[in-house]
Colleague: 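Take a look at the following structure, please.
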Amino acid sequence: MQLGMVGLGRMGNYMVQRLMRGGHECVVYDARPESVAALAGLGATGSASLEEFVSKLAHPRAIWLMLPAAIVDKVLASLVPLLENGDIVIDGGNSYYHDDIRRGADLITKGIHYVDVGTSGGVFGLERGYCLMIGGEKGIVEHLSPIFATLAPGVGKTEASPNRSAEAAAVSTAEQGYLHCGPHGAGHFVKMVHNGIEYGLMAAYAEGINILKHANIGAASHVADAETAPLAHPEHFQYDFNLQDVAEVWRRGSVITSWLLDLTADALHADPALSKYAGRVSDSGEGRWTIMAAIDESVPTPVLSAALYGRFSSRDNDEFANKVLSAMRAGFGGHVEKPAAKS
Ligand SMILES: NC(=O)c1ccc[n+]([C@@H]2O[C@H](COP(=O)([O-])OP(=O)(O)OC[C@H]3O[C@@H](n4cnc5c(N)ncnc54)[C@H](O)[C@@H]3O)[C@@H](O)[C@H]2O)c1
Ligand SMILES: O=C(O)[C@H](O)[C@@H](O)[C@H](O)[C@H](O)COP(=O)(O)O
């Protein structure tokens, strides 16, 4: 099948390569000509402009956008006037599902079909395949199934769930690694919650490993932390854990095995101090949209909310709040801030 790809960054580039390996024909465009040239060198049909890109696609066109969510509307404003009745636009980035509902309704008035796809797997997707969470019209999703089947990991890459019935498996593509989740926005809704969970899982590993890292604070060699009360039982905190080895042993048969743990172990092996990271953790939107949806649904999400707020704190957005705390403490008790302990 032919597919046009706009956005050839960390994701789009490898997705095109996986599609071409699977026998699909790819027409590609990116604002960076060097990204287009690199894929043209591997067999894709390159384009120097959106106009040229659209002209090289057979009607009905299938165009996959793999762009930062913030620029999708801007690119659609240039792209849509070039399209014809029956063409399909797929947004495979991390767009907000409200935008999908709006775009789907707007584009169909122009005869253009819109599909939202939450794509998971990151830069490992080229080899492992991508988990695809899809929203849109059923017939259009079915039409695109050869593309989804090639991008997804495929049957057999993950052991079947023991209680999954053969009947359920026969009527769903979930075992292949892609799923039509519902109408416009459903794909990105599922991906949004996936990423909310991702924040919580990541925070859980990070916090646990940090407890292990500080398990030596009772050792005589440890510089006492001037900001806290003295330890009642220094003998309880005499452990110099080898964090790489702990992460490594957890990867074998434990309850908390996961790909995130694999990546954590690997990062600790590369540099146990993680010294190239300052620890300022960004968020691209999906974590906060998850919490917003939970609030609208009146569903409690204490773990996911705490994980999101942890990212805000990591960027020092709690600095003034902490000054307010110190000011109150000074005010009611005359407590003076102590100098930071050397780490
Ligand atoms: N990186 C990941 O692990 C990952 C995983 C899943 C989903 N996503 C989502 O996929 C989307 C793409 O992510 P990425 O990591 O590949 O981003 P990226 O920044 O690596 O790539 C974006 C590409 O878009 C191109 N681009 C920017 N403006 C353009 C324009 N006006 N016209 C044409 N091309 C333009 C850039 O040149 C770049 O090559 C995002 O929505 C992201 O949130 C990323
Ligand atoms: O499933 C995935 O492959 C990831 O979730 C992916 O979508 C990406 O790495 C996020 O864009 C990072 O999101 P934050 O910037 O919000 O951490």
Colleague: With sequence neighbours left out, what residues match T290 under side chain to side chain donor-acceptor pair (under 3.5 Å)?
Modeller: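 Side chain to side chain donor-acceptor pair (under 3.5 Å) list for T290, sorted by chain: empty.
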
Colleague: Applying ring-ring contact (aromatic ring centres under 6.0 Å, His included), name anything that partners H236, two or more places apart in sequence or on another chain.
Modeller: H233

Colleague: Following the transitive rule for hydrophobic clusters with a side-chain heavy-atom cut-off under 4.5 Å over Ile, Leu, Val, Met, Phe, Trp and Tyr, establish whether L19 and F124 coincide in one cluster.
Modeller: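 In one cluster: yes.
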
Colleague: Look at atom CD of E337 and say whether more than 12 heavy atoms of other residues, nucleotides or ligands are closer to it than 6.0 Å.
Modeller: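 Check fails, neighbour count at 12 or below.
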
Colleague: Can you tell me how far SG of C26 sits from CG of L3, rounded to the nearest 0.5 angstrom?
Modeller: 5.5 Å

Colleague: Tell me whether V303 is reachable from I197 by hopping between hydrophobic residues (I, L, V, M, F, W, Y) whose side-chain heavy atoms are closer than 4.5 Å.
Modeller: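 Unlinked, I197 and V303 end up in two clusters.
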
Colleague: Decide yes or no for D116 and I134: does some side-chain heavy atom of the first lie under 4.5 Å from some side-chain heavy atom of the second?
Modeller: no

Colleague: Kindly indicate whether the side chain of L201, heavy atoms from C-beta on, has any atom under 4.5 Å from the side chain of E198.
Modeller: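 Not in contact.
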
Colleague: List the atom of E142, the atom of P146, and the distance in Å for their closest heavy-atom pair.
Modeller: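 Nearest heavy atoms, E142 then P146: O-CD, 4.2 Å.
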
Colleague: Just wondering, more than 12 heavy atoms not from Y239 lying within 6.0 Å of its OH?
Modeller: no

Colleague: Without hydrogens or angle criteria, can the side chains of H188 and E286 be said to hold a donor-acceptor pair below 3.5 Å?
Modeller: no

Colleague: Should we count OH of Y205 as having more than 12 external heavy atoms under 6.0 Å?
Modeller: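 Count over threshold, so yes.
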
Colleague: Atom CG of N317 and atom CZ of R280: how far apart are they, to the nearest 0.5 Å?
Modeller: 7.5 Å

Colleague: Decide side-chain contact (heavy atoms from CB on, under 4.5 Å) for V115 and V117; before the verdict, give the C-alpha distance in whole Å, the side-chain angles of both, and the deciding distance to 0.1 Å.
Modeller: CA-CA 7 Å; V115 177; V117 179; 4.0 Å; yes

Colleague: For residues M15 and L39: do they belong to one hydrophobic cluster (side chain heavy atoms under 4.5 Å, members Ile, Leu, Val, Met, Phe, Trp, Tyr)?
Modeller: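 Linked, M15 and L39 end up in one cluster.
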
Colleague: With a 4.5 Å heavy-atom cut-off, do T45 and V28 have their side chains touching?
Modeller: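 In short, these two side chains do not touch, never coming nearer than 4.5 Å.
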
Colleague: List the atom of A293, the atom of M192, and the distance in Å for their closest heavy-atom pair.
Modeller: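 Smallest interatomic distance, heavy atoms only, reads CB-CE, 3.7 Å.
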
Colleague: Atom CD1 in I108, atom NE2 in H113: separation rounded to 0.5 Å?
Modeller: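 Nearest 0.5 Å value for the CD1-NE2 distance: 5.0 Å.
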
Colleague: Which distance, rounded to the nearest 0.5 Å, do you find between the CD1 of I147 and the OG1 of T150?
Modeller: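 Spacing of CD1 (I147) from OG1 (T150) equals 6.5 Å.
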
Colleague: With a 4.0 Å cut-off on N to O distance, would you call D99 and R102 a salt bridge?
Modeller: yes

Colleague: Any sub-3.5 Å donor-acceptor pair from Q238's side-chain atoms to G218's backbone N or O?
Modeller: yes

Colleague: Could you measure the distance from the CG atom of D240 to the CG atom of L212? Nearest 0.5 Å is fine.
Modeller: 12.0 Å

Colleague: Step by step, work out the side-chain hydrogen bond (donor to acceptor under 3.5 Å, both in side chains) result for S145 and Y178.
Modeller: CA-CA 9 Å; S145 61; Y178 71 94; 4.7 Å; no

Colleague: Are I63 and I88 side-chain neighbours, meaning at least one heavy-atom pair lies under 4.5 Å?
Modeller: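 SC-SC contact between I63 and I88 ruled out.
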
Colleague: So Y277 and D271, do their side chains get closer than 4.5 Å, heavy atoms only?
Modeller: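 No; the side chains remain at least 4.5 Å from each other.
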
Colleague: If hydrophobic clusters are built from ILVMFWY residues whose side chains come within less than 4.5 Å, do V54 and V75 share one?
Modeller: yes

Colleague: Looking at OH of Y114 and CD of E137, how far apart are the two atoms once the value is rounded to the nearest 0.5 Å?
Modeller: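 Here the rounded value is 12.5 Å.
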
Colleague: R311 and S282: which non-hydrogen atoms are nearest, and at how many Å?
Modeller: NH1-O, 2.9 Å

Colleague: Any donor and acceptor pair, going by atom type alone, linking the side chain of S165 with main-chain N or O of A168 inside 3.5 Å?
Modeller: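 At least one qualifying donor-acceptor pair exists.
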
Colleague: So that I can tick it off, tell me whether E127 and R18 are bridged by a salt bridge, with the cut-off set at under 4.0 angstrom between side-chain N and carboxylate O.
Modeller: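 Salt bridge absent between R18 and E127.
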
Colleague: How about CZ on F320, more than 12 heavy atoms from neighbouring residues, nucleotides or ligands closer than 6.0 Å, or not?
Modeller: no

Colleague: Got a sec: does the OH of Y14 have more than 12 other heavy atoms crowding it under 6.0 Å?
Modeller: no

Colleague: Taking C-beta and beyond as the side chain, do M202 and L260 meet within less than 4.5 Å on heavy atoms?
Modeller: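 In contact.
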
Colleague: Of the options V299, T301, D296, which is the one that meets I291 in a side chain to side chain contact (heavy atoms under 4.5 Å, CB included)?
Modeller: T301

Colleague: State whether the number of non-hydrogen atoms from other residues, nucleotides or ligands found under 6.0 Å of K213 atom NZ is greater than 12.
Modeller: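 For K213, atom NZ is not crowded (no more than 12 foreign heavy atoms under 6.0 Å).
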
Colleague: For the residue pair W289 and Y97, is the inter-centroid distance of their aromatic rings smaller than 6.0 Å?
Modeller: no

Colleague: Do the side chains of M20 and F53 join up, straight or via other hydrophobic residues, at under 4.5 Å, putting them in one cluster?
Modeller: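 Hydrophobic grouping puts M20 apart from F53.
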
Colleague: Is there a side-chain contact between L126 and R21 in this structure, where contact means two heavy atoms from C-beta onward sitting under 4.5 Å apart?
Modeller: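 Yes. Closest side-chain heavy atoms under 4.5 Å.
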
Colleague: Is the closest side-chain donor-acceptor distance between D91 and S95 under 3.5 Å?
Modeller: yes

Colleague: Any idea which heavy atoms bring R251 and A265 closest together, and the distance?
Modeller: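 So the two residues come closest at CD-CB, 3.7 Å.
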
Colleague: Walk me through it: do D73 and R103 pass the test side-chain contact (heavy atoms from CB on, under 4.5 Å)?
Modeller: CA-CA 9 Å; D73 279 327; R103 289 177 194 143; 2.9 Å; yes

Colleague: Do the non-hydrogen side-chain atoms of R32 and L8 ever get within less than 4.5 Å of each other?
Modeller: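 No, their side chains stay 4.5 Å or more apart.
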
Colleague: So, for L76 and L65, which heavy atoms are closest and what is the spacing to 0.1 Å?
Modeller: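 The pair with the smallest heavy-atom distance is CD2-CD1, 3.8 Å.
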
